[in-house]
Visitor: 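First, the structure itself, so that you have it in front of you.
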2 protein chains.
Amino acid sequence: MIKFSRKTEYALIAIQYIANKGITEFSTAKEISDNYNISYELLAKILQRLAKNNIITSTKGVNGGYKFLKSPDDVTLSEIIESLNESYALTRCLKKNRPNKTDCQIADCCTLKNPVAIIQNRLNIFFDDITIRHLM
Amino acid sequence: MIKFSRKTEYALIAIQYIANKGITEFSTAKEISDNYNISYELLAKILQRLAKNNIITSTKGVNGGYKFLKSPDDVTLSEIIESLNESYALTRCLKKNRPNKTDCQIADCCTLKNPVAIIQNRLNIFFDDITIRHLM
DNA sequence: TACAAATAAGACTAAATTTGTCGTATATAA
DNA sequence: TTATATACGACAAATTTAGTCTTATTTGTA
Ligand code: SF4
Ligand code: SF4
């Protein structure tokens, strides 16, 4: 199945919300989770991850929250997905970081590998070209 | 996660195999499953589905099997995915056939819905443009 | 006609992944 | 000192995907 995970979907909703507030005002996890009826704990973790990967910046404590620093034109969908530790690799053999042993067993004889790599390249461009601006 | 399911992956491998044999020779499920070390039963079901949806044609009995009728240029990745009852709808709200009650609960207040629909349109074109020829 | 090879179809189980929860720690403004 | 907010990781529940098993049907050939 080709689809956004909830994690990605919630991240995009939150990013859109934060982006629309401009670069001065803070948004809190609670504020967003209330607004969209998303589990607070879940969304909080997602925002933490985005902050850790510098998609957004965070400020702790009272009156803190999250906001944007970068221009919405400079943050791509690729970056967002990757910062969530998600992937848009169409097949196992195309995953960047795969230190796990769950690798493909038939990679040796697989004739799909090469053609699918070409499709993957086109998909990479696709996701690189979509920015937060497209959500605003 | 954006990725091909095994079902799709196996389907593509099989289709590639069948397509490369031309339009005269038959390929059997056993032949393909042996060649690529794919579970026979699983692959068989996939091929049955592809046949049911006229991606390939099937002939029962001894010396039977599957082969192509259409030109590889005329079968798109979209059609293959859909014929397997899989989807490339990025979000729940974008699924074509969703008579189930597992619909999105926050669709009313969701501000991501519209921008994601535009991205979906571009993705549809992406998958419509890839044909079996791209696997050969 | 009997048999073997092959597709057809669906129920069922197992495995993997995703989604969501909980508890605890840390920082900061008032 | 307290309330508010992020940070982080372990865990549990739910869902989806992957794989197996069983039975039926079709068809060429010995
Ligand atoms: S090697 Fe082939 S079967 Fe294995 S993951 Fe890559 S494309 Fe899929
Ligand atoms: S309405 Fe919004 S949250 Fe619901 S599925 Fe569509 S995009 Fe996702």
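Letters A, B, ... are given to chains in the order of the sequence lines, protein chains preceding strands, and every chain is numbered from 1.
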Visitor: Just by modelled atom types, is the B/T76 backbone N or O under 3.5 Å from a matching donor or acceptor in the B/E79 side chain?
Guide: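 Looks like yes, one N/O pair under 3.5 Å.
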
Visitor: Take atom NZ of B/K7 and atom C1' of C/dT17, then tell me their distance rounded to the nearest Å.
Guide: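 In whole Å, C/dT17 C1' and B/K7 NZ are 16 Å from each other.
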
Visitor: In whole Å, I'd like the distance from the NZ atom of B/K67 to the C1' atom of C/dA6.
Guide: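 Going from B/K67 (NZ) to C/dA6 (C1'), I get 15 Å.
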
Visitor: Of A/S27 and A/K3, whose closest DNA chain D nucleotide lies nearer the 5' terminus?
Guide: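 Nearest nucleotide further toward 5': that of A/S27.
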
Visitor: Is the phosphate of C/dA6, meaning OP1 or OP2, less than 4.0 Å from a side-chain N or O of B/S58?
Guide: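 Checking B/S58 against C/dA6: no side-chain N or O falls below 4.0 Å of OP1 or OP2.
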
Visitor: Looking at A/Q120 and A/L90, would you say the former's side chain and the latter's main chain have a donor-acceptor pair under 3.5 Å?
Guide: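 The answer is yes, because a donor-acceptor pair under 3.5 Å joins these two groups.
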
Visitor: Rounded to whole Å, please give me the gap between CD in A/E86 and C1' in C/dT18.
Guide: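 Nearest whole value for this atom pair: 9 Å.
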
Visitor: If the sugar-phosphate is the primed atoms plus P, OP1 and OP2 and the base is the rest, what is the B/S/- string for nucleotides 24-30 of chain D, using protein heavy atoms under 4.0 Å?
Guide: --BBBS-

Visitor: Provide the full list of ring pair (Phe, Tyr, Trp, His ring centres under 6.0 Å) pairs with a residue in residues 58-88 of chain B, sequence neighbours left out, each pair given once.
Guide: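 Every pair satisfying ring pair (Phe, Tyr, Trp, His ring centres under 6.0 Å) with a residue in residues 58-88 of chain B: B/Y88-B/F127.
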
Visitor: To the nearest Å, how far apart are B/K52 NZ and C/dA8 C1'?
Guide: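 Computing the B/K52:NZ to C/dA8:C1' distance gives 9 Å.
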
Visitor: If I take atom CG in residue A/L50 and atom P in nucleotide D/dA7, what distance separates them, rounded to the nearest angstrom?
Guide: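 Rounding to the nearest Å, CG of A/L50 and P of D/dA7 are 11 Å apart.
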
Visitor: Does the distance from a Lys or Arg side-chain N to an Asp or Glu carboxylate O, for A/K3 and A/E9, drop under 4.0 Å?
Guide: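 Salt bridge absent between A/K3 and A/E9.
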
Visitor: Report the distance from atom CG of A/N85 to atom P of C/dT19, rounded to the nearest whole Å.
Guide: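 Answer to the nearest Å: 14 Å.
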
Visitor: Considering just the side-chain nitrogens and oxygens of A/Y66, establish if one lies under 4.0 Å of OP1 or OP2 belonging to D/dA5.
Guide: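 Result: no.
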
Visitor: Rounded to whole Å, how long is the line connecting atom CZ of B/R6 with atom C1' of C/dA16?
Guide: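 So the CZ-C1' distance, B/R6 to C/dA16, works out to 10 Å.
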
Visitor: Please give me every residue in residues 38-49 of chain B whose heavy atoms get under 4.0 Å of an atom in DNA chain C, ordered by residue number.
Guide: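 Within residues 38-49 of chain B, the residues near DNA chain C are B/Y40, B/K45, B/Q48.
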
Visitor: Which heavy-atom pair separates B/M1 from A/S87 by the least distance, and what is that distance?
Guide: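 Scanning both residues, the minimum pair turns out to be SD-N, 3.4 Å.
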
Visitor: Whole angstrom is fine here: how far is it from CE in A/M1 over to P in D/dA18?
Guide: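 About 9 Å, once rounded to whole Å.
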
Visitor: side-chain hydrogen bond (donor to acceptor under 3.5 Å, both in side chains) with B/S78: which of B/T131, B/D128, B/N124, B/D129?
Guide: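 For B/S78, the side-chain hydrogen bond (donor to acceptor under 3.5 Å, both in side chains) check succeeds only for B/D128.
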
Visitor: May I ask you to verify if any side-chain N or O of B/Y10 is less than 4.0 angstrom from the OP1 or OP2 atom of D/dA18?
Guide: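 Result: no.
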
Visitor: If you measure only the distance, is there a donor-acceptor pair under 3.5 Å linking the side chains of B/T111 and A/Y17?
Guide: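 No, no side-chain donor-acceptor contact under 3.5 Å.
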
Visitor: Ignoring hydrogens, what is the shortest heavy-atom contact between B/K21 and B/F26? Give both atom names and the distance.
Guide: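 That closest heavy-atom pairing would be NZ-O, 3.2 Å.
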
Visitor: Check B/I23 against B/L69 and note the closest heavy-atom contact, atom names and distance.
Guide: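 It is CG2-O, 4.4 Å.
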
